[in-house]
Visitor: 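Take a look at the following structure, please.
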There are 2 protein chains.
Amino acid sequence: MTGESSRITAQGRARAGAGARADARRNRERVLAAARAVFAEHGIDAPMATVARRAGVGVATLYRHFPTRDALVRGAYQRQMETCARALTDALDEPDPWQGFQRLVETVCELQREERGFPAAFLGAFPQSTAEQAQAREQAERAFTALVRRAQAAGELRADFHPSDLAVVLLAHCGLVTALPDDRAASRRLVAYLLQSFRADGAAARPLPPPAALALRDLPIASVSPPGRRLFDA
Amino acid sequence: MTGESSRITAQGRARAGAGARADARRNRERVLAAARAVFAEHGIDAPMATVARRAGVGVATLYRHFPTRDALVRGAYQRQMETCARALTDALDEPDPWQGFQRLVETVCELQREERGFPAAFLGAFPQSTAEQAQAREQAERAFTALVRRAQAAGELRADFHPSDLAVVLLAHCGLVTALPDDRAASRRLVAYLLQSFRADGAAARPLPPPAALALRDLPIASVSPPGRRLFDA
DNA sequence: CCTCAAACGGACGATGTCGTCCGTTTGCGA
DNA sequence: TCGCAAACGGACGACATCGTCCGTTTGAGG
């Protein structure tokens with residue numbers, strides 16, 4: 001029999017982690033970078049082979065590192081996901097209750113705005129069911145609820161704001177940046193409007209970021225003649 | 001030579017219109033109904049063959065009536081698109097400026113909320129370029145701008161609302177209902193928040209519809225342990 | 001330097017969708 | 001009732017993507 005040590009080392013080796021071979025580690029990073037680039041350009045459903053080619057590796061290498069598209073997507077945007085989670089803890093560290101709340105929303109939306117494929121990944125991961133992460137979830141949920149309660153107690157967040165409204169905001173924003181990946185002004189504008197409406201003292205209308213770059217005429221609604229009569233009946 | 005009349009009639013016949021054969025007209029309607037059903041269930045990208053099977057027709061019949069998927073989608077949601085366009089004219093008929101504005105937003109969002117596949121169709125049609133409809137577009141754009149100006153002049157719509165914000169609202173809402181087709185409460189909630197923030201007198205916080213049905217724990221953000229330290233470090 | 005397991009890459013069969021072609025059926029006018 | 005063009009339906013070839021298999025290369029420990 002050959003030595004057990006080498007056999008064990010080989011089997012139990014973390015995936016392209018510290019103990020992995022140098023080329024494996026390098027290729028893993030290349031694939032992740034390529035995935036972000038390709039996903040940004042062609043969307044999350046881009047062919048796996050395209051990612052592999054862009055990374056300069058064979059498809060087999062890609063599949064070896066990431067057996068499913070889902071694993072690849074998660075790998076590609078892990079950093080963003082972690083930043084989201086960290087924003088939650090940072091928000092509670094913020095002394096001002098409203099600032100903390102506002103920063104959380106803005107940080108997550110900014111992440112969605114800046115990294116092209118991330119919103120789709122975020123949406124795709126939406127109805128998650130990895131039992132292993134249940135605990136982390138529960139903690140995060142409690143953390144956000146605490147954040148909400150604190151801002152409400154300070155009289156800055158409207159009393160009827162419900163924690164689930166965060167999901168409403170993020171999903172809506174996701175949709176916007178997915179539809180208009182280039183128009184950051186639109187994203188900022190939406191966030192500003194929403195934060196405005198979350199304030200308990202809706203009173204003082206707050207200044208808005210500059211208007212969106214998109215033209216209204218691009219809307220489908222504007223390209224269908226209404227049946228029956230014409231606008232401004234000429 | 002055979003009679004010209006029959007030849008001309010056959011060639012120039014409107015697609016499954018009044019002059020078409022009975023079975024053709026019937027099948028066209030069946031296909032449209034099937035398309036709505038299938039799109040609602042499996043999304044707009046569902047295989048054409050699935051639609052054909054559901055309609056009880058062959059694929060060839062489907063393609064004969066709708067040569068491209070795009071044509072099918074447009075056909076399936078033409079009524080909704082027209083209702084959108086009509087809402088624009090109706091809004092101007094409304095005597096109260098704010099009511100008119102509010103009704104427009106609510107009507108369009110309700111359409112997106114009620115018919116499953118419509119939001120995706122709406123998004124898909126977004127950067128349209130059918131030159132033929134340029135005039136109708138321009139008219140609709142002017143109509144909406146007029147609606148905005150009127151509500152602003154009445155001091156009910158905030159002065160810095162920009163007509164392009166309508167697109168922001170609709171795209172965001174589209175994203176939300178696409179992500180949560182079953183949660184109408186979430187949609188109503190978003191619309192209420194947005195309309196609130198559009199009011200010039202943001203002051204009086206308006207009552208909100210009941211909270212969304214979704215659980216916060218479904219958010220991806222809640223399923224990633226923040227790196228570095230734990231929430232509520234136990 | 002030598003050895004070997006780990007890692008690699010590309011070819012290939014499987015799968016699913018598209019859209020056309022063509023033989024058959026059917027509605028409708030004569 | 002008859003005849004024909006319009007409409008129909010399903011089979012089929014083209015095409016794209018998937019994910020595995022296997023022969024080859026390579027990094028690293030001895």
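The chains referred to below are lettered A, B, ... by the order of the sequence lines, with proteins before strands, and numbering in each begins at 1.
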Visitor: Pick base, sugar-phosphate or nothing for A:Ala60, based on heavy-atom distances below 4.0 Å to the nucleic acid.
Guide: base

Visitor: So, does A:Asn27 get its side chain near the phosphate of C:dA7, meaning an N or O under 4.0 Å from OP1 or OP2?
Guide: no

Visitor: Does a side-chain N or O from B:Thr61 land closer than 4.0 Å to OP1 or OP2 of D:dA7, or not?
Guide: no

Visitor: Rounded off to whole Å, could you give me the CZ-to-P distance for the A:Arg28 and C:dA6 pair?
Guide: 18 Å

Visitor: Once you apply a heavy-atom cut-off of 4.0 Å, does B:Val59 come out as touching a base, just sugar-phosphate, or nothing?
Guide: base

Visitor: How long is the line joining CZ of A:Arg26 and C1' of C:dC8, in whole Å?
Guide: 11 Å

Visitor: Taking the side chain as every heavy atom from C-beta outward, state whether A:Leu195 and A:Glu106 have any atom pair closer than 4.5 Å.
Guide: yes

Visitor: Between B:Ala46 and A:Arg25, which has a closest nucleotide on DNA chain C that is more 5'?
Guide: A:Arg25

Visitor: Quick one: B:Arg30 CZ to D:dA7 C1', roughly how many Å, whole number?
Guide: 14 Å

Visitor: Rounded off to whole Å, could you give me the OH-to-C1' distance for the B:Tyr63 and D:dC12 pair?
Guide: 14 Å

Visitor: For D:dA7, does OP1 or OP2 lie under 4.0 Å from any side-chain N or O of B:His65?
Guide: no

Visitor: Taking side-chain hydrogen bond (donor to acceptor under 3.5 Å, both in side chains) as the criterion, tell me which of B:Arg79, B:Arg86, B:Gln78, B:Gln80 meets it with B:Glu82.
Guide: B:Gln78

Visitor: I'd like to know if the side chain of A:Thr61 reaches the main chain of A:Val57, judged simply by a donor and an acceptor atom lying under 3.5 Å from each other, with no hydrogens or angles considered.
Guide: no

Visitor: Atom CZ of A:Arg64 and atom P of C:dA7: how far apart are they, to the nearest Å?
Guide: 8 Å

Visitor: Between atom CZ in B:Arg53 and atom P in C:dG19, what is the gap in whole Å?
Guide: 16 Å

Visitor: Return yes if the base of D:dA6 and the side-chain atoms of B:Arg21 contain a donor-acceptor N/O pair under 3.5 Å, otherwise no.
Guide: yes

Visitor: Hey, does the side chain of A:Arg69 come within less than 4.0 Å of D:dC18's phosphate (OP1/OP2), counting only N and O?
Guide: yes

Visitor: Taking the side chain as everything from C-beta on, heavy atoms only, tell me whether B:Ser187 gets closer than 4.5 Å to B:His173.
Guide: yes

Visitor: Both A:Ala24 and B:Asp45 contact DNA chain C. Taking the nearest nucleotide for each, which residue is further toward the 5' end?
Guide: A:Ala24

Visitor: Students often get this wrong, so: under 4.0 angstrom with heavy atoms, is B:Ala22 touching a base, only sugar-phosphate, or nothing?
Guide: sugar-phosphate

Visitor: Rounded to whole Å, how long is the line connecting atom CG of A:Asp70 with atom P of D:dC18?
Guide: 14 Å

Visitor: Do B:Glu41 and B:Arg54 pass the salt bridge (Lys or Arg N to Asp or Glu O under 4.0 Å) test, and can you show the C-alpha distance, the side-chain angles, and the key distance before you say yes or no?
Guide: CA-CA 12 Å; B:Glu41 192 170 349; B:Arg54 172 81 79 117; 2.9 Å; yes

Visitor: A:Leu62 has an atom CG; how far is it from atom C1' of D:dT17, in whole Å?
Guide: 13 Å

